Number of protein chains: 2
Amino acid sequence: MVANEKLPHPDREDIELTSVLFALSDEARLALVQQLKEGPMDMANCSALDPNAPKSTRSHQVKVLREAGVIISELHGRNRRLTLRRDDIDARFPGLLESVLRG
Amino acid sequence: MVANEKLPHPDREDIELTSVLFALSDEARLALVQQLKEGPMDMANCSALDPNAPKSTRSHQVKVLREAGVIISELHGRNRRLTLRRDDIDARFPGLLESVLRG
DNA sequence: CAAACAGTTCAACTATTATCGAACTATGGT
DNA sequence: ACCATAGTTCGATAATAGTTGAACTGTTTG
């Protein structure tokens with residue numbers, strides 16, 4: 001049981017294809033996912049999230065990916081650690097992530 | 001050389017991933033693409049395009065898919081024949097269409 | 001050639017998304 | 001305890017997307 005997690009994430013079976021496609025249909029969000037394919041990363045260290053943009057904007061971009069079920073955002077110290085939900089997406093839509101991440 | 005074709009379609013190399021993902025991120029458009037995977041079909045016969053919706057709305061839905069490079073819309077008699085650009089999408093983003101159409 | 005058919009295009013409107021500052025929350029460090 | 005860090009949330013505004021009727025284009029049929 002991970003204690004400090006209050007932001008909602010959809011269960012694997014509730015991840016919807018159209019929501020995932022929409023979340024990935026934005027350049028900035030796609031770039032973030034590209035970066036996360038290498039492994040989890042703290043939000044503060046993600047260069048894909050333009051550091052010049054206000055943090056409310058960055059938070060929003062992450063929220064769209066989280067609510068679509070593409071990433072997990074969990075508290076890690078005073079940072080948010082972002083993790084690509086590779087297993088969940090692969091289980092639900094086999095091959096999708098691979099083809100998107102290659103493109 | 002097909003004569004009667006005035007609507008613009010992007011060349012294969014100009015098809016953008018984010019545009020394709022966006023076009024497919026809508027239930028109605030995704031349903032249409034699902035229907036077209038069986039083969040080309042006249043717009044008038046596509047049950048995926050809600051026949052109760054006004055034709056301007058149906059035309060718009062088709063336009064988004066065409067401009068993203070997902071389908072070809074060519075004049076065929078007085079209908080529009082819609083064809084999934086399977087080869088082009090497969091060449092550009094291998095595996096993407098397959099995983100989306102399975103989902 | 002006129003009428004019907006199958007759409008496209010345009011303009012106005014509605015609805016959904018994105019951006020951003022400001023106030024707020026939680027954690028870690030001193 | 002206090003302050004800095006790293007975000008979230010809210011509310012307003014801007015930008016983008018979708019819906020629709022009306023007018024228009026091109027094609028077949030009578």
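These figures come from a predicted structure and were not determined experimentally. Below, read A as the first sequence line, B as the second, and so on, with proteins coming before strands; counting in each chain starts at 1.
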Starting at [atom1] of [X] and ending at [atom2] of [N], how long is that distance when rounded to a whole Å?
X       : N      : atom1 : atom2 : value
B/Lys63 : C/dT9  : NZ    : P     : 6 Å
A/Leu75 : D/dT8  : CG    : P     : 9 Å
A/Glu74 : D/dG7  : CD    : C1'   : 15 Å
A/Lys6  : D/dT9  : NZ    : C1'   : 11 Å
A/Asn79 : C/dT25 : CG    : C1'   : 15 Å
B/Glu67 : C/dT8  : CD    : C1'   : 12 Å
A/His9  : D/dT8  : NE2   : P     : 10 Å
A/Leu82 : D/dA6  : CG    : P     : 14 Å

query = Going by heavy atoms closer than 4.0 Å, what residues in residues 35-50 of chain A are next to DNA chain D?
reply =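 Those residues whose heavy atoms fall under 4.0 Å from DNA chain D, taken from residues 35-50 of chain A in numerical order, are A/Met43, A/Ala44.
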ask   = Once each nucleotide of nucleotides 13-22 of chain C is scored for protein heavy atoms under 4.0 Å, what B/S/- sequence comes out, 5' to 3'?
value = ----SSBBBB
Would you say [X] and [Y] make side-chain contact, with heavy atoms under 4.5 Å?
X        : Y       : answer
B/Arg102 : A/Pro94 : yes
A/Glu98  : B/Leu96 : no
B/Leu49  : B/Gln61 : yes
A/Ile72  : A/Leu84 : no
A/Val62  : A/Arg80 : no

key: B/Phe22 CZ to B/Glu16 CD distance, which is reported to the nearest 0.5 Å   = 13.5 Å
query = For A/Ala91, which residues count as a side-chain contact (heavy atoms from CB on, under 4.5 Å) partner, sequence neighbours excluded?
reply =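 side-chain contact (heavy atoms from CB on, under 4.5 Å) check on A/Ala91 returns A/Arg12.
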query = Should B/Phe93 and A/Leu17 be counted in the same cluster of Ile, Leu, Val, Met, Phe, Trp and Tyr side chains packed under 4.5 Å apart?
reply = yes
query = Would a hydrophobic clustering, with Ile, Leu, Val, Met, Phe, Trp and Tyr connected at side-chain separations under 4.5 Å, put A/Met41 with A/Leu65?
reply =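 Yes: a chain of side-chain contacts under 4.5 Å links A/Met41 to A/Leu65.
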Phosphate contact (D/dA4 OP1 or OP2) by A/Arg78 side-chain N/O below 4.0 Å = no
